[in-house]
Asks: 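A single structure is presented below for examination.
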Amino acid sequence: MITATLERPQLSARLKLETNAQHERMHQLMEYGAPFSSPEAYTRFVAAQYLFQRDIEHLFKNAAVQKAVSDLHVRGRLEASLADLKDLGAEVPQDRLASADVAMPEALGWLYVSEGSTLGAAFLFKEAQASLGFSAAFGARNLAAYPEGRATVWRRFVAALDNDAIGNEQHDAIIAGANAAYDRFGELLTRYFGQA
Ligand code: HEM
């Protein structure tokens with residue numbers, strides 16, 4: 001059975017392993033941008049989050065994505081990011097839609113990056129509260145947990161990834177989608193924070 005597992009690693013495990021360097025880069029960019037050092041720096045982070053969430057929620061409209069992930073209605077932080085920008089008195093940034101040409105199966109990789117980021121956001125949320133006094137009701141809605149809780153919603157997403165409906169032959173494209181999504185968030189953080 002061990003052999004079978006090695007021959008056919010689960011998609012979620014491959015995603016985590018094969019995009020690990022990208023996740024590390026996010027840490028570096030965040031450290032460099034120090035978003036909790038001032039409300040201004042934090043506002044730059046929320047602008048990046050807003051544009052990334054706009055890319056992500058564009059994919060929610062795709063019927064094939066809806067079929068692959070049946071609970072999209074509980075996911076996404078576009079509305080929260082927009083409300084945070086309003087709380088912060090910031091302008092809504094304008095940019096191209098980076099996901100305009102993204103379809104299944106790559107779209108699942110994009111969703112992986114967004115949904116996974118809700119886990120790390122637990123730490124960021126605490127910092128936003130402690131350092132800046134923001135909350136789930138003001139300024140830090142985009143970092144707050146989903147109502148059902150981070151772990152529950154994440155586990156359900158992983159179950160949608162590690163599902164027989166997604167053939168092994170699609171895994172490489174999904175990982176490429178995750179890399180593209182990380183590249184996009186990296187591009188946005190660099191734009192708002194500068195090159196780390
Ligand atoms: C300083 C900022 C960040 C910190 C401290 C952080 C921290 C973490 C931690 C601790 C986990 C693992 C949680 C667990 O296994 O229970 C995690 C997972 C993850 N994070 Fe981050 N993160 C940060 C930024 C980001 C960003 C900006 C993105 C993408 C836009 C991101 C994407 C992900 C993904 C996709 C996962 C899931 C990994 C997996 O299990 O497959 N993270 N993060």
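Just so you know, ligand 1 is whichever comes first in the structure, and atom 1 is the first atom listed for that ligand.
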Asks: For atom 42 (N) of ligand 1, find the nearest protein heavy atom and state the residue, atom name and distance (0.1 Å precision).
Replies: H23 NE2, 3.0 Å
Asks: Could you tell me whether W154 and ligand 1 have an N or O pair separated by under 3.5 Å?
Replies: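 Looking only at distances, the answer is no, because the N/O contact criterion of under 3.5 Å is not met.
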Asks: Go through ligand 1 atom by atom and flag the ones less than 4.0 Å from a non-hydrogen atom of G116.
Replies: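 Numbered from 1, ligand 1 contributes 18 (C), 19 (C), 20 (N), 33 (C), 34 (C), 35 (C), 36 (C), 37 (C).
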Asks: Among all protein non-hydrogen atoms, which one is nearest to atom 27 (C) of ligand 1, and what is the separation to 0.1 Å?
Replies: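 Result for atom 27 (C) of ligand 1: F185 CE2, 3.5 Å.
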Asks: Nearest non-hydrogen atom to atom 11 (C) of ligand 1 belongs to which of G33, S114, S12, G120?
Replies: G120
Asks: For F123, take its heavy atoms, then give the atoms of ligand 1 lying under 4.0 Å from any of them.
Replies: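 Checking each atom against F123, I get 10 (C).
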Asks: May I ask you to decide if L78's main-chain N or O and E57's side chain share a donor-acceptor pair within less than 3.5 Å?
Replies: yes
Asks: At what distance, to the nearest 0.5 angstrom, does CD of Q22 lie from CG of N179?
Replies: 5.0 Å
Asks: Taking the side chain from R184 and the backbone from S99, do they hold a donor-acceptor pair closer than 3.5 Å?
Replies: no
Asks: To the nearest 0.1 Å, how far is atom 13 (C) of ligand 1 from its closest protein heavy atom, and which atom is that?
Replies: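 Going by distance alone, atom 13 (C) of ligand 1 is nearest to L119 CB, 3.7 Å.
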Asks: Could you state whether M104 and L97 fall into the same hydrophobic cluster, counting links through intermediate Ile, Leu, Val, Met, Phe, Trp or Tyr residues with side-chain heavy atoms under 4.5 angstrom apart?
Replies: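 They do not share one cluster, since no chain of ILVMFWY contacts under 4.5 Å joins M104 to L97.
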Asks: Would you mind checking which non-hydrogen protein atom is closest to atom 35 (C) of ligand 1, with the distance to 0.1 Å?
Replies: Y182 OH, 3.3 Å
Asks: Does R54 reach the main-chain N or O of Q94 with its side chain, forming a donor-acceptor pair under 3.5 Å?
Replies: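 Pair absent, no side-chain N/O of R54 close to backbone of Q94.
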Asks: What's the shortest distance from atom 28 (C) of ligand 1 to any protein heavy atom, and which residue and atom give it?
Replies: S117 CB, 3.6 Å
Asks: Decide salt bridge (charged side-chain N to carboxylate O under 4.0 Å, His left out) for R96 and E187; before the verdict, give the C-alpha distance in whole Å, the side-chain angles of both, and the deciding distance to 0.1 Å.
Replies: CA-CA 12 Å; R96 74 191 166 94; E187 173 201 331; 3.0 Å; yes
Asks: Crowded around E169 CD? As in, over 12 foreign heavy atoms under 6.0 Å?
Replies: yes
Asks: Taking only heavy atoms of M30 into account, list the atoms of ligand 1 that are under 4.0 Å away from them.
Replies: 1 (C), 2 (C)
Asks: If you measure from CG on L119 to CZ on F157, what distance do you get to the nearest 0.5 Å?
Replies: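 Here the interatomic distance stands at 11.0 Å.
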Asks: In terms of residue, atom name and distance, what is the protein heavy atom nearest to atom 40 (O) of ligand 1?
Replies: K16 NZ, 3.4 Å
Asks: Can you pull out the closest protein heavy atom to atom 6 (C) of ligand 1? Residue, atom name and distance to 0.1 Å, please.
Replies: H27 NE2, 3.4 Å
Asks: Would you find a donor on one side and an acceptor on the other, under 3.5 Å apart, between the side chain of R44 and the backbone of G33?
Replies: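 Checked: no pair found.
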Asks: Can you list the atoms of ligand 1 that are under 4.0 Å from a heavy atom of L124?
Replies: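 Counting atoms of ligand 1 from 1, those under 4.0 Å from L124 are 1 (C), 2 (C).
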Asks: Testing the 3.5 Å rule here: is there a donor-acceptor pair between the side chains of Y146 and E115?
Replies: yes
Asks: Looking only at protein heavy atoms, which one is nearest to atom 29 (C) of ligand 1, and how far off is it?
Replies: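 Protein heavy atom at minimum distance: V113 CG1, 3.5 Å.
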Asks: For ligand 1 and Y112, I'd like to know whether there is a polar contact (N/O to N/O, distance under 3.5 Å).
Replies: yes
